[in-house]
There are 2 protein chains.
Amino acid sequence: MKIDVDTLLAWGAAYKKVAAGEVIFHEGAESSFYYQLVSGKVRWVNINDEGKEFIQTIIEPDECFGEFPLFDDGPFAASAIADEDSVIIRLHKATFHQLLKENPELHFEFSRLLTQRLRFKFLILKELANHNPENSISTLLGYFKQTQKNICTKCNRLKLTRQQIADMTGLRVETVIRTMKSMQSKGTLQIVKGKVYC
Amino acid sequence: MKIDVDTLLAWGAAYKKVAAGEVIFHEGAESSFYYQLVSGKVRWVNINDEGKEFIQTIIEPDECFGEFPLFDDGPFAASAIADEDSVIIRLHKATFHQLLKENPELHFEFSRLLTQRLRFKFLILKELANHNPENSISTLLGYFKQTQKNICTKCNRLKLTRQQIADMTGLRVETVIRTMKSMQSKGTLQIVKGKVYC
DNA sequence: TATATTTTATGCGTTCAGTCATAACCTGTT
DNA sequence: AACAGGTTATGACTGAACGCATAAAATATA
């Protein structure tokens with residue numbers, strides 16, 4: 001999902017620079033903006049009592065994030081934190097609604113986005129509930145491969161650390177490392193110098 | 001999310017009776033309908049290789065289900081199985097699109113539905129990833145309580161078996177039973193004759 | 001009221017991911 | 001080249017949920 005930046009600007013959207021590590025919005029807070037990433041990288045995470053992160057999604061340029069409150073008026077379901085120095089563009093909620101009203105096609109695209117996100121949640125949830133690290137990891141990698149997210153298109157190398165994979169599957173780094181090694185020895189996964197290729 | 005039944009009928013929707021245990025649609029199959037439950041109960045589930053079910057959602061009357069393919073043209077993300085003898089109403093995909101186009105407000109309601117479903121997925125996923133049965137269970141019960149789903153409004157009794165709770169949290173029945181007993185002894189949960197009250 | 005079926009309950013051995021500690025390996029920087 | 005910081009790797013121990021078996025209780029059915 002991506003709204004043309006010129007369109008956004010024409011409707012009064014504003015750019016905002018965020019430094020790596022900066023929190024863009026907090027889980028539980030009220031919202032009044034549509035957010036879209038222009039450049040950089042953002043992770044959409046829940047942080048538990050012990051400080052452990054669960055990464056719901058990694059946002060790449062031209063993707064929107066933090067969209068739930070726009071429709072159900074609830075708070076943010078997770079925090080958005082910049083992984084790298086990033087530029088975001090945001091549009092006021094009321095304006096966003098007007099924009100959708102005047103562009104039904106855009107609204108349909110948005111429904112497609114929500115659907116795709118739900119689809120991914122269904123998929124990953126079903127795997128996590130299964131308590132099979134290998135399946136969880138391959139489902140996750142399969143998704144990233146399919147959507148071309150966090151993959152170096154030039155060399156086909158996955159740009160995810162074991163820690164990130166762990167934080168998206170509810171596993172520990174060590175478990176992810178051990179499981180992936182075992183997958184490599186089975187031939188299920190191609191790892192060169194610790195990096196995953198697909 | 002509910003579309004008025006008279007409206008659906010006026011647009012050419014058709015009723016369909018399904019017996020308890022009957023599969024309404026299969027995970028992975030192509031779809032061409034909007035589905036809404038009129039009466040009865042339906043579970044929306046994934047079934048793994050060993051036959052173990054993961055219940056994504058339990059659908060109650062006046063709720064729609066199986067809606068992903070309507071927007072992204074993908075297959076069903078989970079199977080729908082009747083828990084009880086039920087009546088469903090379904091509308092052709094193309095007609096559904098037309099209905100949304102002519103009723104922008106309805107489309108906004110639909111976005112709200114998708115958002116709420118996503119919100120629940122975020123919530124439950126974050127808990128599952130945390131590997132804390134007690135938290136998973138209370139989050140789930142909290143959700144059902146909040147949405148009044150599967151709760152006997154007359155006596156405030158939760159109409160969910162431990163097995164169903166297990167199938168929605170990826171835990172085993174025994175673990176759910178044991179955890180809930182411990183919660184009861186802590187005073188976190190009120191159980192009378194094995195049934196949960198809230 | 002008696003019977004059958006489903007649901008809840010409990011014990012016990014096993015398994016596998018978690019935890020902690022430590023080392024090796026990359027990668028970028030001065 | 002040397003250093004620092006992050007990432008990957010590996011071992012040993014622990015613990016909590018699993019898996020299976022069996023029983024008790026509640027609910028439905030006749």
Side-chain angles (χ1 to χ4, degrees), chain A residues 20-21 41 43 48-55 83-85 127-138 140-141 150 152 155 157-185 189-197, chain B residues 20-21 41 43 48-55 58 83-85 127-137 140-141 150 152 155 157-185 189-197:
Chain A
K41 192 172 284 186
R43 66 183 189 276
N48 74 7
D49 318 322
E50 289 97 42
K52 187 169 178 289
E53 291 195 357
F54 177 73
I55 302 179
D83 260 2
E84 315 168 351
D85 291 347
E127 292 303 337
L128 291 212
N130 224 10
H131 298 295
N132 182 328
E134 192 164 327
N135 284 351
S136 296
I137 293 172
S138 37
L140 187 81
L141 298 189
N150 292 283
C152 168
C155 58
R157 207 175 76 179
L158 189 67
K159 295 189 291 178
L160 283 179
T161 64
R162 314 283 140 115
Q163 185 62 61
Q164 285 176 311
I165 294 172
D167 288 347
M168 286 189 277
T169 51
L171 300 168
R172 308 291 143 166
V173 209
E174 300 94 325
T175 306
V176 171
I177 289 170
R178 279 189 258 255
T179 306
M180 288 176 74
K181 279 219 107 183
S182 130
M183 289 166 79
Q184 181 190 25
S185 67
L189 208 64
Q190 201 196 338
I191 303 177
V192 180
K193 288 191 182 176
K195 303 294 171 231
V196 181
Y197 289 81
Chain B
K41 192 173 282 184
R43 67 183 188 278
N48 73 8
D49 319 320
E50 288 97 42
K52 186 169 179 287
E53 291 195 357
F54 177 74
I55 303 179
I58 294 179
D83 258 2
E84 315 167 353
D85 289 349
E127 293 302 337
L128 291 212
N130 223 8
H131 299 295
N132 181 328
E134 193 164 327
N135 285 349
S136 296
I137 293 172
L140 187 80
L141 298 188
N150 292 283
C152 167
C155 59
R157 208 174 77 179
L158 190 68
K159 297 189 289 178
L160 283 180
T161 65
R162 314 284 138 116
Q163 185 62 61
Q164 285 176 312
I165 294 172
D167 288 347
M168 286 189 276
T169 52
L171 300 167
R172 307 291 143 165
V173 209
E174 301 94 323
T175 306
V176 171
I177 289 170
R178 280 188 257 257
T179 306
M180 287 176 75
K181 282 218 105 183
S182 129
M183 288 165 81
Q184 181 190 25
S185 66
L189 209 64
Q190 201 196 338
I191 303 177
V192 180
K193 289 189 182 176
K195 302 297 170 227
V196 182
Y197 289 81

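Numbered from 1 within each chain, the chains take letters A, B, ... in sequence-line order.
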Where is the tightest heavy-atom contact between [X] and [Y], given as atom of each residue plus distance?
| X | Y | value |
| --- | --- | --- |
| A:Met180 | A:Ile165 | SD-CD1, 4.0 Å |
| A:Phe54 | B:Ala129 | CD1-CB, 3.3 Å |
| B:Ala166 | B:Val173 | CB-N, 3.8 Å |
| B:Arg157 | B:Tyr197 | CD-OH, 3.1 Å |
| B:Ser182 | B:Glu134 | OG-OE1, 4.2 Å |

Query raised in the report: Can you give one letter per nucleotide of nucleotides 25-30 of chain D, 5' to 3': B if a protein heavy atom sits under 4.0 Å from the base, S if only from the sugar-phosphate, - if neither?
Result: -SS---
Query - Under 4.0 Å protein heavy-atom contacts per nucleotide of nucleotides 12-19 of chain C, with B for base, S for backbone only and - for none - result: B----SSB
What's the [atom1]-[atom2] distance between [X] and [N], to the nearest Å?
| X | N | atom1 | atom2 | value |
| --- | --- | --- | --- | --- |
| B:Met180 | C:dT10 | CE | P | 13 Å |
| B:Asp83 | C:dT7 | CG | C1' | 15 Å |
| B:Glu84 | C:dT6 | CD | C1' | 15 Å |
| A:Ile191 | D:dT7 | CD1 | P | 16 Å |
| A:Gln164 | D:dG6 | CD | P | 14 Å |
| B:Gln184 | C:dT10 | CD | C1' | 15 Å |
| B:Ile177 | D:dA23 | CD1 | P | 16 Å |
| B:Met183 | C:dT8 | CE | P | 15 Å |

Requested in this report: Can you sort out the partners of B:Asn48 under side-chain hydrogen bond (donor to acceptor under 3.5 Å, both in side chains), two or more places apart, ordered by chain and number?
Outcome: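 Applying side-chain hydrogen bond (donor to acceptor under 3.5 Å, both in side chains) to B:Asn48 gives A:Asn130.
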Requested in this report: Sequence neighbours left out, what passes side-chain hydrogen bond (donor to acceptor under 3.5 Å, both in side chains) with B:Asp83? Give chain and number order.
Outcome: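 So B:Asp83 forms a side-chain hydrogen bond (donor to acceptor under 3.5 Å, both in side chains) with B:Arg43.
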Are [X] and [Y] packed together at the side-chain level, in the sense that at least one heavy-atom pair is separated by less than 4.5 angstrom?
| X | Y | value |
| --- | --- | --- |
| B:Met183 | B:Ile191 | no |
| A:Gln164 | A:Thr161 | yes |
| B:Met168 | B:Ile58 | yes |

Requested in this report: Give a yes/no on whether any side-chain N or O of A:Lys181 is located under 4.0 angstrom from OP1 or OP2 of D:dT8.
Outcome: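 False: A:Lys181 side-chain N/O out of range (4.0 Å or more) of D:dT8 OP1/OP2.
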Report task. Describe, as an angle rounded to 10 degrees, how the axis at the first end of the helix from C:dT1-D:dA30 to C:dT30-D:dA1 is tilted relative to the axis at the last end, five pairs per end. Result ->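 Angle reported: 50°, given to the nearest ten degrees.
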Query - Non-neighbouring partners of B:Glu174 that pass side chain to side chain contact (heavy atoms under 4.5 Å, CB included), sequence neighbours left out - result: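 B:Glu174 satisfies side chain to side chain contact (heavy atoms under 4.5 Å, CB included) with B:Arg172, B:Arg178 once adjacent residues are dropped.
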